[in-house]
There are 2 protein chains.
Amino acid sequence: MTKTKDSKTEHIILDAAKRVFQNKGMDGARMQEIADEAQINKAMLHYYYRSKQLLFEAVFKNAFALLAPQLNSILNDKSSVEEKIRNFTANYISFISKHPYLPTFIIQELNRNPDFVLQMKGKKGFPNIEKFKKQIDVEIREGILKPIKAEQLFINIMALNIFPFVASPLIKAFVNIDDKAFKQLVEDRKTEVADFIINSIKA
Amino acid sequence: MTKTKDSKTEHIILDAAKRVFQNKGMDGARMQEIADEAQINKAMLHYYYRSKQLLFEAVFKNAFALLAPQLNSILNDKSSVEEKIRNFTANYISFISKHPYLPTFIIQELNRNPDFVLQMKGKKGFPNIEKFKKQIDVEIREGILKPIKAEQLFINIMALNIFPFVASPLIKAFVNIDDKAFKQLVEDRKTEVADFIINSIKA
DNA sequence: ATATTTGTTAACCATATGGTTAAACTGAAT
DNA sequence: ATTCAGTTTAACCATATGGTTAACAAATAT
């Protein structure tokens, strides 16, 4: 059994760091807490990841890499706009229900350090709107869709799908519901949101 | 000139604290930085606000008090649903363009400490969906609107209006635009978003 | 078997940080 | 002028925190 480059410990650390950073953010997280979470000596964190900043970046990139393909599906898939919206909405909400921390974490940390996104932008697999733009224009010309800017539509799709997870404490308070009812509301959105969007843009 | 209860210094501190907390969040903010920002001795912060936590709460409540009336306008005004949506969208985007930090700050800190919202919930002026719910049901019965749950519609309105500000670094990267183009995109949303929503829900 | 590299630990260090204190200053009331 | 409450400052304190080190253990190579 050859030793894998990523040691077991290294993985345990990343996993613990994920949990802590996702809950507390970069500023709120403590190296000792990550070590405790991993049931490991604090020095190991530095042994494998050198610094808090680098450990954080590993976690962030990991999280981003999980999210990006989701968005690419709506930007680059071959199906029609309507199909894409229906698929994306259902899939995305399922996906995030399994990782409810993800969008909040990414958005929070990107606001803390907007330059961070520039580092990602170059890499392949980074979501890009160009293909989607062309597709929208084609479907408008074909009379399938009402005129709308692809940028605005894309923002709307993102907003309707992501926002409820980012703002859940606020929504729960305003709508005056508990966790269970909120979960049901989100579940309903798997079709609600797609209908809402398509209603609006279909010619 | 009688001395006002709120001293000048107290106000200067709150103002500086706003700027720092909004940019760095509770965890990222430093008392020394706030003192520097206010050009004042650090001990004054404790003299007037006792602790970082209390100073933070003052800032947070202040921010929340600014945001709440905006949401109440859509929940409690007398006009028709369509009018409300058009007004709210235009007003809200104008409002936030002047306070771009607000939604991100509130959402971020509420996620850090969800119990915080419960403390606000009791107070009068806290946004509540009940009236809006009834209005939606009436307009559906009258055939003005297609059937939709008030909760979902409210979430959609919030999402479409608030999300672009919360996720601006992400959006700028995906849509591949600079600050100026983003500002224009947001400006366009003052009518875009209302049209998008009304398109979808009007019978 | 022995040397060498890799992994792990406890103790330690420098600095940052929220908070305190005691003395000094200010301006108005006596 | 003196008192007195409210305000401001510099110095200080205890603790938390990210990071390092040196010794030790386990695995791997020679």
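Residue numbers start from 1 in every chain, and the chains themselves are labelled A, B, ... in the order their sequence lines are given, proteins ahead of strands.
- Rounded to whole Å, atom C1' of dT9(D) lies 13 Å from atom CD1 of Ile13(B).
- Residue pairs that meet the ring-ring contact (aromatic ring centres under 6.0 Å, His included) test with at least one member in residues 170-200 of chain A, sequence neighbours left out, are Phe174(A)-Phe126(B).
- Summarising the geometry, the separation between NZ on Lys24(B) and C1' on dT17(C) is reported as 14 Å, rounded to the nearest angstrom.
- Remark: Phe88(A) engages Tyr92(A) in a ring pair (Phe, Tyr, Trp, His ring centres under 6.0 Å) (not counting sequence neighbours).
- Following rounding to the nearest Å, Asp27(A) (CG) and dT17(D) (P) show an atom-to-atom distance of 13 Å.
- Sorted by first and then second residue, the side-chain hydrogen bond (donor to acceptor under 3.5 Å, both in side chains) pairs with a member in residues 119-132 of chain A read Lys121(A)-Asn176(B); sequence neighbours excluded.
- Among residues two or more places apart in sequence or in another chain, the ring pair (Phe, Tyr, Trp, His ring centres under 6.0 Å) test is passed with Phe116(A) by Phe60(A).
- Distance Arg50(A) CZ to dT20(D) C1': 11 Å, rounded to the nearest Å.
- The phosphate of dT8(D) has OP1 or OP2 within less than 4.0 Å of a side-chain N or O from Thr9(B).
- Closest to the side chain of Ser7(A), out of dG19(C), dG7(C), dT7(D), is dG7(C).
- Between Ile162(B) and Ile96(B) there is no side-chain heavy-atom pair separated by less than 4.5 Å.
- For Tyr48(A), the ring pair (Phe, Tyr, Trp, His ring centres under 6.0 Å) test picks out no residue, with sequence neighbours left out.
- Listed by residue number, Ala29(B), Arg30(B), Met31(B), Lys42(B), Ala43(B), His46(B) are the residues of residues 29-49 of chain B with a heavy-atom contact under 4.0 Å to DNA chain C.
- To the nearest angstrom, P of dA16(C) lies 16 Å from NZ of Lys52(B).
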